[in-house]
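To start, the structure itself, in structure tokens.
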Amino acid sequence: MWKRIERFHVGMHTVVPNPAGDSTHRAERSARALRRLIFSLLSVLSLLALSCSKSEGPSAAPAASGSAATTLPQKTFTAGFIYVGPKGDYGYNQAHAEGAATVAAMPGVKVREEENVPETEAVQKTMESMIELDGASVLFPTSFGYFDPHILKVAQKYPKVTFLHCGGLYQEGKHPPNVASYFGYIDEAQYVAGVVAGMTTKSNKLGFIAAKPIPQVLRNINSFTLGARSVNPKVTTSVVFTGDWSLPVKEAEAANSLVDQGIDVLTMHVDSPKVIVETAEKRGVFVSGYHVDQTTLAPKGYLTGALWNWSKVYTDYVKRIQSGESYPHLLRGGFKEGFIKMAPYGAAVSAAARAKADEAKAKLTDGSLVVYSGPIKDNTGKVVIPAGTVQTQTDITLEKMNYLVEGVVGKISS
Amino acid sequence: MLEGRMSDTAAGLGIWALPLALIGGALRVSGPYLFVSLGECLTEKSGRINLGQEGTLILGAMTAYGVSYLSGSPWLGVLAAGCAGLVLGALHAWLCSLPRVNDVAVGIALMLFGVGIAFFLGKPLIQPPAPRLSPIELGAWSSIAPVRAALEIHGLLLLGVVAAFVMRFVFRRTRWGLVLRVAGEDADAARALGYDVDRVRLVATAIGGFFAGVGGSFLSLVYPGSWSEGLSSGQGLMAVALVIFARWDPVKCLWTSLLFGGAGALGPALQSIGILGGYNLYATAPYVLTFVIMIATSSARRTFADQPAELTVAR
Amino acid sequence: MTSTRPAAGDGAGRFSASVEAAAVPLLGLAVSFALFGVFVAVAGANVGDVYYQMVRGSFGSWFSFQNTLVRAAPLMLTALCTALPAQVGLVVIGGEGALVLGALASVIAAHALGGANPWVVLFAMAGAGCVVGGAWIAAVGALRTLRGANETISSLLLNYIAIGVFKHVVEGPLRDPASLNKPSTRPIGEANALGAIPGLDVHWGLVYGLIGCLAAYVLMRRSAFGFAAKVIGGNARAAQLGGLAVSKIVIVTCALGGAAAGLAGMAEVAAVHGTANASIIVGYGYTGILVAFLARQHPLAIVPVAVLIGGVGASGGLLQRAEHLPDATVNVLQGILFVVILAIETLRGRLATFLPRARVTSESAPNPAAKAACSKAA
């Protein structure tokens with residue numbers, strides 16, 4: 001950083017306006033006004049530059065820029081990763097960026113990344129631009145909202161490019177054959193996190209802060225609650241929907257409101273859990289993380305977290321494509337497949353809780369435990385999965401979930 | 001500490017949580033509103049409107065977080081945020097003093113500029129944890145944890161409260177306040193009295209920017225106390241509306257900021273006690289509130305008696 | 001110095017004024033890009049590479065240029081939402097709200113008409129978008145002129161309210177149960193989608209934008225209504241004394257601006273999303289404000305400015321991917337552009353003396369178009 005500032009000062013001297021020329025000549029005055037304008041803007045920039053250090057991210061390798069994309073050796077290919085938010089968000093996008101970093105380390109693959117791409121025509125153009133200008137042949141557009149209509153549209157236009165999408169529900173025949181969708185059964189991890197929460201809570205009240213009542217979110221809420229109630233049937237989970245994927249002030253307010261209600265374990269399904277984890281720590285309650293490990297944000301209260309392991313999914317896909325094998329168009333996986341993992345247990349997790357959680361995880365991995373095994377009632381008392389019915393993770397009906405299980409305090413409405 | 005609190009919270013507060021959440025929310029969420037509206041009030045008193053306060057707020061938040069992280073001192077971060085705001089404010093004033101330049105447009109331009117710079121330089125700051133400001137526990141008398149939490153007050157907010165009263169005093173009772181008001185009411189009269197109106201406005205806008213920058217530090221170092229790109233959801237713009245609401249009176253800015261803070265806490269608080277649905281509509285509560293009151297209190301026949309007549313928005 | 005300038009009405013004088021009219025914003029552009037260069041250099045990037053990538057990403061190829069046009073299309077319409085009210089002297093920043101509600105209205109219209117002829121459906125969608133967007137901003141104008149409520153603040157507040165209402169409706173009452181993880185309304189149907197302009201990879205929204213800007217130009221600069229609006233924009237009180245129906249003209253102008261933004265919302269639904277959902281809220285309304293001010297509220301100037309800003313957006317991706325600059329680089333450039341172009345306005349009227357050779361070169365202009373203009377002016 002200091003080197004940068006030094007360099008900046010050198011730059012500054014060359015633009016300091018020449019104090020000579022006291023003529024009141026109008027042209028001179030205008031020129032001075034212009035110079036003053038430039039100078040003022042530069043001064044602002046300098047002040048701001050001083051207040052902050054430069055990105056520690058993938059610092060530009062200037063040699064690799066320019067038209068390098070056009071002359072590629074036979075076996076290398078370029079993979080493009082597209083994120084809906086900032087890739088260092090301690091959450092959803094960071095989890096994907098960590099996967100992208102693993103891919104970047106593989107031989108024969110070049111990775112191009114673009115962040116903060118909204119789910120509109122912008123993402124179509126980003127995909128096309130990666131194909132046309134960067135020569136990308138595999139794309140990982142990682143936000144759910146990219147799928148329909150954006151990926152479907154662009155995939156039809158570029159049949160030779162492979163589009164691997166996170167979260168979508170690929171349908172043979174309906175969707176272009178160069179599209180695939182993958183997702184992880186993160187709710188298995190939420191079930192285990194629920195076991196830990198159920199064993200740890202003293203007030204028997206858990207809190208879940210979520211963005212919107214959509215099936216992926218409801219499945220997490222339900223699995224977390226089922227996990228908690230499997231070890232502590234008195235547990236209830238209160239849900240607060242914030243209305244959007246990243247609203248730090250509202251998430252903090254939701255966390256505070258829930259804690260005021262006597263909730264002593266918080267968890268969440270938002271894009272960037274940072275603020276909720278930090279607020280929980282400040283309020284002295286426990287918190288279970290999501291997306292990526294947030295232990296460092298809450299060293300006292302962090303119990304565990306439901307984490308993605310996209311590195312596994314991405315390297316598998318890339319290896320298959322490199323070797324010319326066919327790849328699965330609808331790929332799902334949980335603990336067994338290594339798509340998801342738990343964050344290390346925090347200090348506050350008792351030995352008994354660890355044992356119960358490890359047991360649940362082992363059973364989920366070997367398939368002897370299925371989260372959605374009937375009878376399961378929703379929180380209005382209606383039976384949603386009758387006794388004897390077992391909905392294994394691959395069951396597509398789970399991806400259309402529209403209820404909250406018994407024990408959840410909350411309602412699905414906008 | 002964790003264990004001690006836990007047994008208290010186990011009780012829960014039921015319906016009483018709602019007023020408590022509103023009070024707590026008012027104390028937590030109002031900080032940025034208060035500082036930005038005070039700064040904007042000062043600026044508008046001098047006869048200029050600075051719509052760029054949203055950019056100043058975000059830049060201040062980033063600067064405060066960055067400086068706190070690099071230096072280890074959150075108060076230094078607050079000061080740096082203020083200075084960043086000061087620079088943006090001065091830039092605004094200087095641009096507006098040029099002929100043919102409209103202050104509303106410059107405000108929007110500087111909003112974009114401030115946000116752009118803040119996001120650009122703030123990228124590497126999303127991850128590292130910076131030291132935050134710690135609160136003063138006003139609720140230490142209570143054995144109920146949520147009450148204690150709701151009544152946690154931050155020194156920075158107290159400074160804002162003091163600033164509101166001081167600012168009112170300055171406006172009403174000091175010579176400088178008088179000069180400021182004359183510049184805002186009738187620039188020609190101020191010039192006739194021998195005051196340099198542009199200079200008065202430069203000072204007012206720069207200090208106004210300082211306040212907004214400090215408001216930003218409240219976001220990143222106090223509540224929610226983190227730096228991210230979604231940190232501000234328009235508080236800086238809202239504060240400009242809030243000044244109208246508060247009739248250009250700093251002390252009223254304080255009360256309205258608290259009201260807005262409470263209104264913002266309404267949605268999550270209602271959900272947490274089981275009143276659900278319509279959360280997207282509850283989210284608009286502060287905006288609807290301002291809108292309704294703005295219409296109710298405006299009139300075609302007169303402008304506000306308290307409104308600085310030189311303000312372009314008054315026209 | 002003024003004496004050396006040709007008198008007004010003199011052909012050369014008018015020409016010099018028109019050179020200035022073009023030179024001031026061009027100078028602004030040059031200064032902005034120079035400042036931006038300094039900025040990225042300070043940030044550690046190679047300035048030459050950055051400029052190269054920006055051109056490559058925005059205008060460097062047919063593909064890139066179409067990328068630019070796609071991004072420019074909605075901006076033309078949302079810019080009108082600020083530029084039209086500006087003709088009567090109002091600063092309206094409510095384009096975002098009018099856009100989302102226009103989008104919502106157009107979806108409702110499409111649903112109401114069910115399986116009707118696609119032309120009928122599209123027409124109704126456009127009409128509904130215009131009416132709702134227009135009413136939304138007309139309310140802003142009415143509150144300003146009838147109640148004295150500040151239009152900048154009220155339109156800003158209405159943005160937040162519109163977004164809240166939009167989200168509530170599309171994720172609540174109108175949510176399609178089949179829209180699983182991306183809450184949306186029912187789709188408008190493949191048949192009713194607005195396609196691409198033949199031969200281009202750009203949808204018809206671009207044509208809407210061009211027609212909108214042209215119509216606004218004709219109305220505001222070439223009609224009695226526009227003249228009345230201009231008088232009001234100059235001095236509303238005098239206009240009232242002069243017998244103009246000030247309130248009516250203000251409200252109609254605002255309604256037209258809102259209708260443009262509502263139409264942008266309709267185009268987003270019909271050409272891009274095929275449904276209404278929260279993805280539509282991406283800030284086109286706010287970027288439109290930037291475009292309108294950079295175009296100095298001139299309806300025709302909006303077109304090139306929208307293309308320029310679209311180009312900046314289009315190049316942003318390459319800056320991230322090839323130069324490893326953060327996405328906010330584009331925001332910084334937009335901010336610099338906006339600040340500099342506003343500030344540089346102050347040179348207008350002074351540039352002829354500031355660049356004394358400008359007139360000399362103009363007389364021996366090598367550019368045939370300029371020569372033609374010159375002879376026409378003479």
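Below, read A as the first sequence line, B as the second, and so on, with proteins coming before strands; counting in each chain starts at 1.
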| Got B:K123 and C:D327 here, is their nearest side-chain heavy-atom distance under 4.5 Å? | yes

| Nearest atoms (heavy-atom pairs only) where B:G116 meets C:A328 | O-CB, 3.8 Å

| request: Output the distance between atom NZ (C:K167) and atom OH (B:Y279), rounded to the nearest 0.5 Å. | output: 8.5 Å

| query | Could you give the distance from CD (C:Q297) to CG (B:N102), rounded to the nearest 0.5 Å? | reply | 9.0 Å

| field | Taking every non-hydrogen atom, the tightest pair across C:E345 and B:R100 | value | O-CD, 3.5 Å

| query | Hey, what's the ring geometry for B:F120 with C:F39, parallel, tilted or perpendicular (30° and 60° as the breaks)? | reply | perpendicular

| task | Considering non-hydrogen atoms only, spot the tightest contact between C:A149 and B:M294 and give its length. | result | CB-CE, 4.0 Å

| request: Kindly indicate whether the side chain of B:F119, heavy atoms from C-beta on, has any atom under 4.5 Å from the side chain of C:P326. | output: no

| task | Indicate yes or no: at least one non-hydrogen side-chain atom of B:M238 is less than 4.5 angstrom from one of C:L157. | result | yes

| request: Check whether any side-chain heavy atom of B:L51 lies under 4.5 Å from a side-chain heavy atom of C:T152, and answer yes or no. | output: yes

| Can you check whether B:I108 reaches C:L290 side chain to side chain, under 4.5 Å on heavy atoms? | no

| said: Heavy-atom cut-off 4.5 Å, strictly under: side chain, backbone, both or neither for C:Y160 against chain B? | reply: both

| request: Among the options B:L281, B:V101, B:T284, pick out the one with the most heavy-atom pairs lying under 4.5 Å from chain C. | output: B:L281

| Where is the tightest heavy-atom contact between B:A241 and C:I153, given as atom of each residue plus distance? | CB-CG2, 3.3 Å

| message | Could you report the tightest heavy-atom contact between C:L342 and B:A109, atom names first, then the distance? | response | CD1-CB, 3.8 Å

| said: What's the separation between atom CZ in B:F291 and atom OG in C:S155, rounded to the nearest 0.5 Å? | reply: 9.5 Å

| request: Can you see which heavy atom on C:G335 is nearest to which on B:L112, and at what distance? | output: CA-CB, 4.1 Å

| query | Is there a donor-acceptor pair closer than 3.5 Å between any side-chain N or O of C:T346 and the backbone N or O of B:L98? | reply | no

| message | Nearest 0.5 Å, please: how far is CG in B:N280 from CD in C:E171? | response | 5.5 Å

| Engaged part of C:L156 at the chain B interface, taking heavy atoms whose separation is under 4.5 Å | side chain

| query | CZ/C:F338 to CE/B:M111 distance, rounded to the nearest 0.5 angstrom? | reply | 8.5 Å

| note | Max heavy-atom pairs within cutoff under 4.5 Å with chain B, candidates C:L333, C:L158, C:V165, goes to C:L158

| query | So which part of B:A105 gets closer than 4.5 Å to some heavy atom of chain C, the side chain, the backbone, both or neither? | reply | both

| said: Measuring only between side-chain heavy atoms, which start at C-beta, is C:V339 closer than 4.5 Å to B:L95? | reply: yes

| field | Heavy-atom proximity to chain B below 4.5 Å, by part of C:I93 | value | side chain

